[in-house]
Amino acid sequence: MKDVFVCQEGDLADGSTLVVSNTGAEIAVFRHDGAYYAYRNYCPHQGGPACEGVRMPKVVENIDEAGFYRGQSFDESEFHIICPWHGYAFRVTDGVNANDPKLRLKKFDVTVQDGQIYVRI
Ligand code: FES
């Protein structure tokens with residue numbers, strides 16, 4: 001294991017993503033609600049650049065008591081990364097697919113040392 005430098009802490013604003021390739025594979029580092037997360041930029045579905053998709057709150061299907069569809073809403077307590085190829089959604093906090101927990105992005109540990117962000121590979 002080694003720590004690979006990503007960027008200065010101030011270079012990654014909350015809500016932003018940085019994809020680096022100096023690790024031997026593309027790895028995306030996310031800053032979300034003040035925490036850092038890193039995943040391989042490779043979708044377990046068909047290999048798309050999952051981490052380059054939009055980040056958005058979980059979409060909730062609203063079904064009433066009678067079973068009728070009542071539209072969609074957002075659950076801001078959980079954010080997803082949406083793969084741009086086919087729309088698979090992965091939780092920002094652990095990389096697990098929102099619908100099939102067997103599918104997950106490869107996760108890496110992120111450390112901050114003296115204001116510098118590193119990914120452990
Ligand atoms: S390759 Fe990512 S959803 Fe299909």
Side-chain angles (χ1 to χ4, degrees):
M1 294 262 193
K2 65 178 179 179
D3 290 335
V4 177
F5 174 72
V6 174
C7 66
Q8 300 291 330
E9 205 174 5
D11 295 338
L12 195 58
D14 203 59
S16 63
T17 307
L18 182 64
V19 178
V20 294
S21 57
N22 62 337
T23 58
E26 283 193 347
I27 294 177
V29 180
F30 294 85
R31 186 170 180 183
H32 180 78
D33 284 344
Y36 297 99
Y37 306 93
Y39 302 103
R40 184 176 176 207
N41 189 22
Y42 184 87
C43 182
H45 177 225
Q46 291 185 357
C51 300
E52 295 175 37
V54 298
R55 187 183 328 181
M56 61 183 289
K58 175 181 179 179
V59 176
V60 178
E61 305 285 344
N62 298 310
I63 310 294
D64 69 16
E65 305 79 38
F68 290 104
Y69 177 73
R70 298 297 180 197
Q72 296 177 325
S73 59
F74 294 110
D75 176 356
E76 302 248 350
S77 70
E78 183 176 315
F79 271 72
H80 294 161
I81 304 159
I82 310 298
C83 180
W85 279 14
H86 310 102
Y88 278 36
F90 301 91
R91 285 193 302 253
V92 170
T93 53
D94 60 10
V96 175
N97 183 273
N99 299 310
D100 182 355
K102 292 188 299 294
L103 292 176
R104 55 183 60 209
L105 301 173
K106 179 169 176 45
K107 193 173 195 303
F108 298 91
D109 289 333
V110 180
T111 59
V112 180
Q113 302 164 33
D114 298 326
Q116 298 183 322
I117 300 171
Y118 294 88
V119 173
R120 183 157 291 162
I121 60 171

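Quick note: residue numbers are just sequence positions, from 1. We count ligands from 1, going down the list as the structure has it; atoms in each ligand are counted the same way.
Set against the non-hydrogen atoms of Cys43, the atoms of ligand 1 under 4.0 Å away are 1 (S), 2 (Fe), 3 (S). When each atom of ligand 1 is checked for a heavy atom of Cys83 under 4.0 Å away, the hits are 1 (S), 2 (Fe), 3 (S). Residue Trp85 has at least one heavy-atom neighbour below 4.0 Å for each of these atoms of ligand 1: 1 (S). Per-residue contacts place Gly48 under 4.0 angstrom from the following atoms of ligand 1 (heavy atoms of the residue considered): 1 (S). Atom numbering of ligand 1 starts at 1 in the shown order; those under 4.0 Å from a heavy atom of Gln46 are 1 (S).
Relative ring orientation between His45 and Tyr88 is described as parallel, the plane-to-plane angle staying below 30° on a 0-90° scale split at 30° and 60°. Tyr37 and Tyr39 have parallel rings, their planes meeting at less than 30° on a 0 to 90° scale where 60° marks the start of perpendicular.
Distances from atom 2 (Fe) of ligand 1 show that His86 has no N/O/S atom below 2.8 Å. Backbone or side-chain N, O or S atoms of His45 do not reach atom 2 (Fe) of ligand 1 at under 2.8 Å.
The 12-atom threshold is exceeded at OH of Tyr69, counting heavy atoms of other residues, nucleotides or ligands nearer than 6.0 Å.
Counting heavy atoms from C-beta on, the side chains of Leu12 and Tyr36 come closer than 4.5 Å. Under the 4.5 Å side-chain criterion, counting only non-hydrogen atoms from C-beta, Asp109 is not in contact with Met1.
With a heavy-atom cut-off of 4.0 Å, Tyr88 touches ligand 1 through backbone and side chain alike.
Put simply, the side chain of Asp14 gets close to the backbone of Gly34: a donor and an acceptor are under 3.5 Å apart.
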